[in-house]
Amino acid sequence: MDPSELRKAIERFRILIIGRANAGKTTILQRVCKTRENPEIYNSAGEKIDPAVLMASRERGVHDIENEMVFRSNPGFVFHDSRGFEAGGQFEFDKVKAFIVRRSKERSLRDRIHVIWYCIPMDEDSRSFTEAEVKFFSQCDTGSMIVLFTKFDALYDDEFAELMSKGISRKDAEVLAPQHAKEAFANGPQLKLLYNRKGNQRPPRCHICLPDMDKDGADCGPLVECTAETLNDDTLTQLFVTTQRTTLELCMRYAVKR
């Protein structure tokens with residue numbers, strides 16, 4: 001299908017992003033949409049919400065997953081945001097689960113959630129799963145989900161200190177730390193939980209580690225590539241590839257496949 005016809009039929013690629021406070025969600029979305037501006041927020045009726053009103057609601061602990069976030073730099077993406085389960089407990093868990101189930105049953109492809117990005121921050125205070133997250137991975141249909149281990153560079157500091165304690169020079173430790181962190185993480189508890197089929201009948205499609213997203217020149221290309229590769233619908237893949245503006249090479253590659 002021609003990209004213009006495809007966009008007319010489905011309109012926008014819809015992503016649900018889930019994560020605790022300070023998980024780096026907004027930064028990632030800004031990188032994907034190639035902007036530093038905050039998104040515009042619309043309610044389920046398509047009415048733009050005043051930022052002051054939205055802030056007041058958040059201060060009262062009110063959060064509506066139905067709201068749509070759109071960046072002016074790339075309106076082809078629409079994002080739904082869940083604050084995760086740290087604040088809402090069972091209520092928030094039930095709300096997110098119901099949202100995913102309801103959207104999956106929408107008759108029109110344009111109204112469904114096309115992919116879920118679940119952010120797990122790896123900084124010092126929150127690098128393990130919460131009890132509610134374990135429950136989410138074991139009970140919810142996560143077949144369209146990619147887990148994003150954000151702030152992954154926090155693990156570099158641990159490995160750097162470990163290497164220095166073994167007598168490695170500072171210069172060499174700085175070079176070696178990222179690879180050591182990746183190797184240690186590959187054998188760590190997070191991935192064992194995610195892909196343990198005894199407790200998780202439908203594990204995520206894949207995961208990705210995202211370091212240094214807050215730095216100038218941060219590369220979200222791996223996330224874009226991972227998302228494109230895990231979509232199991234040719235129409236959605238084409239829509240995503242033509243919507244993203246991170247890598248021209250990806251567009252060319254999928255154009256050749258067609």
Side-chain angles (χ1 to χ4, degrees), residues 1 3-21 23-119 132 136 140-146 148 227 231 233 235-240 242-245:
M1 185 182 294
S4 61
E5 295 178 2
L6 180 64
R7 196 162 305 285
K8 190 177 297 183
I10 306 178
E11 293 185 351
R12 298 176 296 179
F13 192 91
R14 192 177 296 272
I15 297 173
L16 169 62
I17 187 165
I18 306 175
R20 313 168 218 171
K25 292 182 293 181
T26 301
T27 300
I28 289 169
L29 299 187
Q30 288 172 328
R31 291 287 182 255
V32 169
C33 293
K34 301 182 79 67
T35 184
R36 291 185 178 276
E37 296 182 355
N38 288 323
E40 295 177 336
I41 313 294
Y42 298 85
N43 62 23
S44 57
E47 301 166 334
K48 189 175 179 180
I49 303 176
D50 187 303
V53 174
L54 192 66
M55 181 62 68
S57 297
R58 287 175 176 170
E59 289 175 353
R60 296 195 306 272
V62 178
H63 181 84
D64 192 347
I65 195 173
E66 295 287 350
N67 288 343
E68 299 181 349
M69 300 190 301
V70 179
F71 289 89
R72 286 183 293 178
S73 61
N74 193 342
F77 282 121
V78 56
F79 302 99
H80 293 271
D81 174 35
S82 168
R83 60 186 176 179
F85 311 117
E86 60 182 356
Q90 186 65 38
F91 174 77
E92 187 71 19
F93 176 87
D94 291 341
K95 185 168 67 172
V96 173
K97 183 177 180 180
F99 176 78
I100 293 173
V101 171
R102 183 178 63 77
R103 286 282 180 168
S104 70
K105 295 179 180 179
E106 290 283 358
R107 295 181 64 182
S108 174
L109 185 58
R110 73 174 65 184
D111 295 322
R112 297 176 192 169
I113 294 297
H114 302 142
V115 73
I116 301 171
W117 289 344
Y118 199 114
C119 299
F136 176 81
C140 291
D141 182 354
T142 57
S144 62
M145 185 173 71
I146 299 171
L148 283 55
T227 302
L231 292 170
D233 182 286
T235 300
L236 286 180
T237 301
Q238 184 183 354
L239 178 63
F240 177 78
T242 56
T243 299
Q244 65 83 30
R245 299 172 183 171

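This structure is a prediction, so every number in the text was calculated from the model and none was measured.
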Measure the spacing between CG of N43 and CD1 of I49 and express it to the nearest 0.5 Å.
5.0 Å
What pairs with T227 under side-chain hydrogen bond (donor to acceptor under 3.5 Å, both in side chains), at least two apart in sequence or on another chain?
W117
Results of salt bridge (charged side-chain N to carboxylate O under 4.0 Å, His left out) for R103 - residues two or more places apart only
E66
Please work out which of the three classes, parallel, tilted or perpendicular, describes the rings of F13 and H114, given edges at 30° and 60°.
tilted
According to side-chain hydrogen bond (donor to acceptor under 3.5 Å, both in side chains), who are the partners of R36, at least two apart in sequence or on a separate chain?
D216
Who are the side-chain hydrogen bond (donor to acceptor under 3.5 Å, both in side chains) partners of N38, not counting sequence neighbours?
none
Qualifying residues under salt bridge (charged side-chain N to carboxylate O under 4.0 Å, His left out), relative to R72, sequence neighbours excluded
E37, E40
Whether the side chain of H80 engages the backbone of R14 through a donor-acceptor N/O pair (distance < 3.5 Å, no angle test) should be reported.
no
Side chains of D81 and N67 in contact at under 4.5 Å (non-hydrogen atoms):
no
To the nearest 0.5 angstrom, please state how far the CZ atom of F71 sits from the OG1 atom of T35.
7.0 Å
Please enumerate all residues that pass salt bridge (charged side-chain N to carboxylate O under 4.0 Å, His left out) together with E106, with sequence neighbours excluded.
R102
N74 (side chain) donor-acceptor with Q244 (main chain) under 3.5 angstrom
no
For a 4.5 angstrom cut-off between non-hydrogen side-chain atoms, does I100 reach I113?
no
Going from CZ on F240 to CG on D233, what distance comes out if it is rounded to the nearest 0.5 angstrom?
14.0 Å
Between L236 and L109, is there a side-chain heavy-atom distance shorter than 4.5 Å?
yes
If you define the side chain from C-beta out and look only at heavy atoms, does anything of I28 sit under 4.5 Å from C119?
yes
Enter the distance from M69:CE to T26:OG1 here, rounded to the nearest 0.5 Å.
6.5 Å
Nearest 0.5 angstrom please: T242 OG1 to Q238 CD, how far?
6.0 Å
Return the orientation label for the F136 and Y118 ring planes: parallel under 30°, perpendicular over 60°, tilted otherwise.
tilted
pair M145-I18: side-chain heavy atoms closer than 4.5 Å
no
S73 side-chain N/O to C33 backbone N/O, donor-acceptor pair under 3.5 Å:
yes
Where S82 and E92 come nearest, the two heavy atoms and their spacing:
OG-OE2, 3.8 Å
